[in-house]
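This report concerns only the one structure given below.
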Amino acid sequence: MIVLIIHGKELHDSVFAEQGFVFGFAQDLSLIAWVGLAFYWFQSWFLPISSLRWLAILFALVCSLLPNIFSGTLISPKAVADPWFKGHFIVATIAVGLLSLAAMQAMLMSVQDRALHRQLAIIPNSRFAHWLEDLPPLMTMESILFNLLYVGFALLSLTVFSGLLFSQTLFGKPLVFDHKTIFALISWFLFAGLLLARWRVGLRGRAAIRWVLSAYSALLLAYVGSRFVLEVILQRA
């Protein structure tokens, strides 16, 4: 817990720096991983999600190192003093962090489902076999997945539509339908379709897993991929 607090403060101070809002794809990934790990730590007291532990820790460890390599760029000298922008940014980071945990949960469910259907070659009494046996039942895993999705989607909705409606206030410029906006909307519609299908027809199993991972891929392209292309490939802020 102490490590999480220290890391969170360092991330906050490096992004909302004295010179302004400093950001990049590395900072974005590091913040997403921090939120996911913090949420995992909190929820692990109430939900059987210990199976996510090593995935969440490994993801956070790798992402925490990236800002040391890619320092980000000064996006705006004024954004740090704008409470609307800061609130939008924090909600967006929490939303993507929660949906990252949901994507990890979906990947675990995919492995578990394939093992149950004998599509994986598993050595009896191996560490992997024992790890699979320690996972909660697939129904429980699915229930946890959709609990993460409900909260994450609500926050994502607030993020996407506050950005669409208050683009001038939040970012100092009118709404532009660039790659980030388009992929964010695609992701929102995919998550909305998934939850609607769950409610109407009880969508579950492999179809739900594929839907989650597709929606999350679009989300990463919106919030991380767009920054990566600008900074690393195009060498622009």
Side-chain angles (χ1 to χ4, degrees), residues 29 32-63 94-157 183-225:
L29 277 174
I32 290 169
W34 182 87
V35 169
L37 190 58
F39 186 79
Y40 163 80
W41 177 85
F42 177 75
Q43 288 296 319
S44 64
W45 292 91
F46 309 101
L47 297 173
I49 58 173
S50 59
S51 53
L52 283 173
R53 180 188 303 121
W54 293 112
L55 270 179
I57 291 175
L58 181 61
F59 182 50
L61 178 62
V62 172
C63 292
I94 294 174
V96 182
L98 291 180
L99 293 172
S100 297
L101 270 188
M104 293 179 198
Q105 183 78 354
M107 287 187 283
L108 287 178
M109 288 174 60
S110 179
V111 173
Q112 189 179 23
D113 180 74
R114 292 176 62 193
L116 289 173
H117 289 86
R118 307 296 183 184
Q119 293 180 350
L120 291 177
I122 302 173
I123 301 173
N125 297 319
S126 64
R127 287 186 178 181
F128 183 61
H130 289 304
W131 174 76
L132 281 174
E133 291 174 359
D134 289 339
L135 289 176
L138 202 52
M139 292 285 288
T140 303
M141 296 279 281
E142 188 173 85
S143 176
I144 294 170
L145 170 66
F146 278 94
N147 285 337
L148 291 170
L149 288 173
Y150 291 139
V151 180
F153 177 72
L155 294 176
L156 180 64
S157 299
F183 278 117
L185 287 172
I186 290 173
S187 175
W188 186 88
F189 279 112
L190 286 172
F191 278 120
L194 167 63
L195 297 179
L196 181 62
R198 172 75 171 182
W199 173 59
R200 294 294 298 273
V201 299
L203 183 73
R204 60 190 313 168
R206 295 182 183 182
I209 292 170
R210 287 193 292 267
W211 209 325
V212 170
L213 295 179
S214 297
Y216 182 70
S217 297
L219 189 66
L220 275 187
L221 286 173
Y223 286 93
V224 179

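Just so you know, these numbers come straight off a predicted model, no measurement behind them.
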Query - side chain to side chain contact (heavy atoms under 4.5 Å, CB included) partners for Val151, two or more places apart - result: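 Val151: side chain to side chain contact (heavy atoms under 4.5 Å, CB included) contacts with Leu98, Leu155.
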
Requested in this report: Applying side chain to side chain contact (heavy atoms under 4.5 Å, CB included), name anything that partners Leu213, two or more places apart in sequence or on another chain.
Outcome: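 Side chain to side chain contact (heavy atoms under 4.5 Å, CB included) list for Leu213, sorted by chain: Ala103, Ala106, Met107, Ile209.
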
Query raised in the report: Under the criterion salt bridge (Lys or Arg N to Asp or Glu O under 4.0 Å), which of Arg206, Arg204, Arg210 is the partner of Asp113?
Result: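 It is Arg206; the other options fail the test.
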
Query - Heavy-atom donor-acceptor pair, Gln105 side chain to Phe146 backbone, under 3.5 Å - result: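 Absent.
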
Requested in this report: Ignoring hydrogens and angles, tell me if any N or O in the side chain of Asn147 forms a donor-acceptor pair with the backbone of Ser143 under 3.5 Å.
Outcome: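 Confirmed, Asn147 side chain pairs with Ser143 backbone.
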
Approximate separation, where rounding is to 0.5 Å, of [X] [atom1] and [Y] [atom2]:
X: Tyr223; Y: Leu29; atom1: OH; atom2: CG; result: 14.0 Å
X: Leu99; Y: Leu149; atom1: CG; atom2: CG; result: 6.5 Å
X: Ile94; Y: Leu156; atom1: CD1; atom2: CG; result: 13.0 Å

**Report entry** Student check: side-chain heavy atoms of Val35 and Val96 closer than 4.5 Å
**Finding:**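 No; the side chains remain at least 4.5 Å from each other.
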
Query raised in the report: At their closest point, which heavy atom of Ala60 faces which heavy atom of Ala33, and how far apart are they?
Result: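 Heavy atoms only, the tightest pair is CA-CB, 3.5 Å.
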
Query raised in the report: Closest heavy-atom contact between Ile32 and Ser100?
Result: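 Nearest heavy atoms, Ile32 then Ser100: CG2-OG, 3.0 Å.
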
Would you be so kind as to tabulate the donor-acceptor pairs closer than 3.5 Å made by side chains of residues 183-201, with sequence neighbours excluded?
from, atom 1, to, atom 2, distance (Å)
Ser187, OG, Ala215, O, 3.0
Trp188, NE1, Ser157, OG, 2.8
Arg198, NH1, Glu142, OE1, 3.1
Arg198, NH1, Leu203, O, 3.2

